[in-house]
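Everything quoted here is computed from the prediction, not taken from an experiment.
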Amino acid sequence: MKKYLSPGLLVLFFVLSAIGHYAHWSATLEFIISAVAVIFVAGFLGKATESVAHYAGQRLGGFLNATFGNAAELIIAIMLIREAKFDMVKASITGSIIGNLLLVLGLSLFAGGLKYKVQKYNVSLAGMNGSLMIVAIIALFVPAIFLNTHVLHEEDRNVLSLVVAGVLIVAYILWLIFSMITHKNYLADVTESEDQELPHEHEPTWSKKRSILYLVVATVMVAFVSEWLVHSLDTFSTKFGLSEIFVGAFVVAIVGNAAEHSAAILLAMKNKIGAAVEIAVGSSLQIALFVAPVLIFVSHLFGKPMDIVFTVIELAAIGVAVFIAKSITQDGQTNWYEGLLLIAVYCILGFSFYLV
């Protein structure tokens with residue numbers, strides 16, 4: 001009975017969410033049902049990712065989870081771009097970055113730290129991640145500073161945005177080659193060789209092919225449920241008096257990151273902190289270095305150019321998140337209190353955005 005309960009609830013809430021969307025139920029009810037559906041779908045995606053990671057290795061598994069998790073956010077952002085809601089797109093990008101660096105990473109370190117006193121992962125990888133986060137900050141700060149100080153003309157806004165976006169995409173692709181091919185062993189997780197000796201470890205439930213199939217299916221389900229939930233956001237946020245920047249940076253971002261939340265926490269609790277960090281930090285880097293730049297080019301294809309210039313509030317939030325995340329992860333070892341610190345910063349930013 002227990003074996004079929006979770007899949008049954010997954011299908012039930014997915015179907016209810018679809019009916020609520022297409023039958024035009026009240027926005028509040030549609031929002032609640034879709035949010036519950038996201039939780040079940042995210043759990044399904046987390047289990048599929050964990051299974052794939054068993055066959056592919058922790059780093060590649062973490063990368064796959066970050067990629068599939070961000071697919072939903074990319075789809076949501078593209079839909080918002082088509083409606084020319086650029087402010088909400090940028091807010092959701094901001095929320096995704098700080099959500100992964102503070103909430104997802106924080107909950108992972110906290111949950112894993114409660115079970116294991118100290119968890120270690122590759123310190124070289126921690127250093128490289130820190131450097132990439134700094135590059136992401138520079139790429140977002142420079143256009144804002146140069147344009148807002150009127151050193152550059154307004155007509156240069158789109159050109160600068162395209163150039164910065166292009167450079168970031170190339171840098172991210174080369175990072176994948178560096179980390180996955182040329183320096184794969186150099187950045188390998190420190191617990192990888194001990195995986196079979198980890199407590200409570202067991203063989204995955206699904207075969208390799210079935211795991212990959214379920215990973216794809218779960219991602220598609222996340223994309224649909226996220227779209228239905230976003231559809232109800234305007235009415236829901238208006239009803240409860242929530243600002244567009246808060247909705248974009250926290251509500252949309254938390255929904256989009258639901259998949260990473262469950263997968264990263266589950267892996268951290270199995271002492272696979274390297275994979276958990278790869279999911280949280282890797283997802284933030286992928287958003288900043290790849291997803292955001294791709295959205296710049298997509299907006300031009302739609303004939304509705306979006307620039308890469310973020311507001312001071314958004315830049316401050318991203319800068320704070322990068323600063324504390326780099327400070328905590330640079331030594332290659334973590335504990336539950338460091339996770340608590342990240343969550344505390346996230347709460348401070350969340351309440352500040354709520355008051356905007």
- Query: Which atom pair, heavy atoms only, marks the closest approach of A111 to I265?
  - Reply: CB-CG2, 3.8 Å

- Message: Using only atom types and a distance under 3.5 Å, with no angle test, would you say the side chain of S17 pairs donor to acceptor with the backbone of F13?
- Response: no

- Item | F224/V41 under side chain to side chain contact (heavy atoms under 4.5 Å, CB included): CA gap, chis, key distance, verdict | CA-CA 10 Å; F224 274 108; V41 174; over 6 Å; no

- What distance separates I343 CD1 from L340 CG, expressed to the nearest 0.5 Å? 6.0 Å

- Query: Do other residues, nucleotides or ligands put more than 12 heavy atoms under 6.0 Å from F290 CZ?
  - Reply: no

- Query: Closest approach of W228 and E30, non-hydrogen atoms and distance?
  - Reply: O-OE2, 3.1 Å

- Aromatic ring centroids of F353 and F246 under 6.0 Å? no

- Between the side chain of Y121 and the main-chain N/O of T329, is any donor-acceptor distance below 3.5 Å? yes

- Message: Could you see if L176 belongs to whatever hydrophobic cluster contains L168? Use Ile, Leu, Val, Met, Phe, Trp, Tyr and a side-chain cutoff under 4.5 Å.
- Response: yes

- Criterion side chain to side chain contact (heavy atoms under 4.5 Å, CB included) on D307 and F86, from CA distance to verdict: CA-CA 9 Å; D307 58 52; F86 300 142; over 6 Å; no

- Query: Which of parallel (below 30°), tilted (30 to 60°) and perpendicular (above 60°) describes W175 and F178?
  - Reply: parallel

- Looking only at atom types and distance, does a side-chain atom of K272 sit under 3.5 Å from a main-chain N or O of L266, one as donor and one as acceptor? no

- Taking every heavy atom of L295 against every heavy atom of A77, the minimum-distance pair comes out as CD1-CB, 3.5 Å

- Message: Would you compute the distance between atom OG of S232 and atom CD1 of I33 and round it to the nearest 0.5 angstrom?
- Response: 10.0 Å

- Item | CD1/I313: more than 12 non-hydrogen atoms of other groups inside 6.0 Å | no

- Does F146 CZ have over 12 foreign heavy atoms under 6.0 Å away? no

- Calculate, to the nearest 0.5 Å, the distance between atoms CG and CD belonging to N129 and E278 respectively. 6.5 Å

- Evaluation steps, side chain to side chain contact (heavy atoms under 4.5 Å, CB included), between N100 and V281: CA-CA 7 Å; N100 280 299; V281 178; over 6 Å; no

- Could you check if a side-chain atom of I98 sits within less than 4.5 angstrom of a side-chain atom of L101, using non-hydrogen atoms only? no

- Item | Interatomic distance, I296 atom CD1 to I81 atom CD1 [nearest 0.5 angstrom] | 7.0 Å

- Group every Ile, Leu, Val, Met, Phe, Trp and Tyr by side-chain heavy-atom contacts under 4.5 Å, then state whether M128 and I138 land in the same group. yes

- Could you state the interatomic distance from CD1 (I318) to CD1 (I97), rounded to the nearest 0.5 Å? 4.0 Å

- Other residues, nucleotides, ligands: >12 heavy atoms within 6.0 Å of F14 CZ: yes

- Message: Distance check, rounded to the nearest 0.5 Å: L215 atom CG versus W206 atom CH2?
- Response: 9.5 Å

- Message: Counting C-beta onward and ignoring hydrogens, is there a side-chain heavy-atom pair between K209 and I212 closer than 4.5 Å?
- Response: no

- Task: May I ask whether V312 and V309 are part of the same hydrophobic cluster, defined by side-chain heavy atoms of I, L, V, M, F, W, Y residues being less than 4.5 angstrom apart, directly or through others?
- Result: no

- Minimum side-chain heavy-atom gap I19-W25 below 4.5 Å: yes

- Task: Is it possible for you to say whether L301 and I308 belong to one hydrophobic cluster, with membership spreading through side-chain heavy-atom contacts below 4.5 Å?
- Result: no

- Message: With a 3.5 Å distance limit and no angle check, can you tell me whether S92 reaches the backbone of V89 through a side-chain donor-acceptor pair?
- Response: yes

- Query: Considering the options L10, L16, V15, which one meets the side-chain contact (heavy atoms from CB on, under 4.5 Å) requirement together with L12?
  - Reply: L16

- Message: If I compare all heavy atoms of E338 with all of I328, which pair ends up nearest, and what's the gap?
- Response: O-CD1, 3.5 Å

- Out of V277, T334, L109, which one pairs with Q119 under the side-chain contact (heavy atoms from CB on, under 4.5 Å) rule? T334

- Query: Between the main-chain N or O of K270 and the side-chain N or O of K115, is there a donor-acceptor pair closer than 3.5 Å?
  - Reply: no

- Count the heavy atoms of every other residue, nucleotide or ligand shown that sit under 6.0 Å from CZ of F302, and state whether that count exceeds 12. yes

- Message: Apply side chain to side chain contact (heavy atoms under 4.5 Å, CB included) to residues Y346 and L342 and explain how you reach the verdict.
- Response: CA-CA 6 Å; Y346 186 76; L342 292 173; over 6 Å; no

- Query: Does atom CZ of F323 have more than 12 heavy-atom neighbours from other groups under 6.0 Å away?
  - Reply: no

- Smallest separation among heavy atoms of K90 and F310, with atom names: O-CE2, 3.4 Å

- Message: Give me the atom names and distance for the closest heavy-atom approach of F297 to A165.
- Response: CE1-CB, 3.7 Å

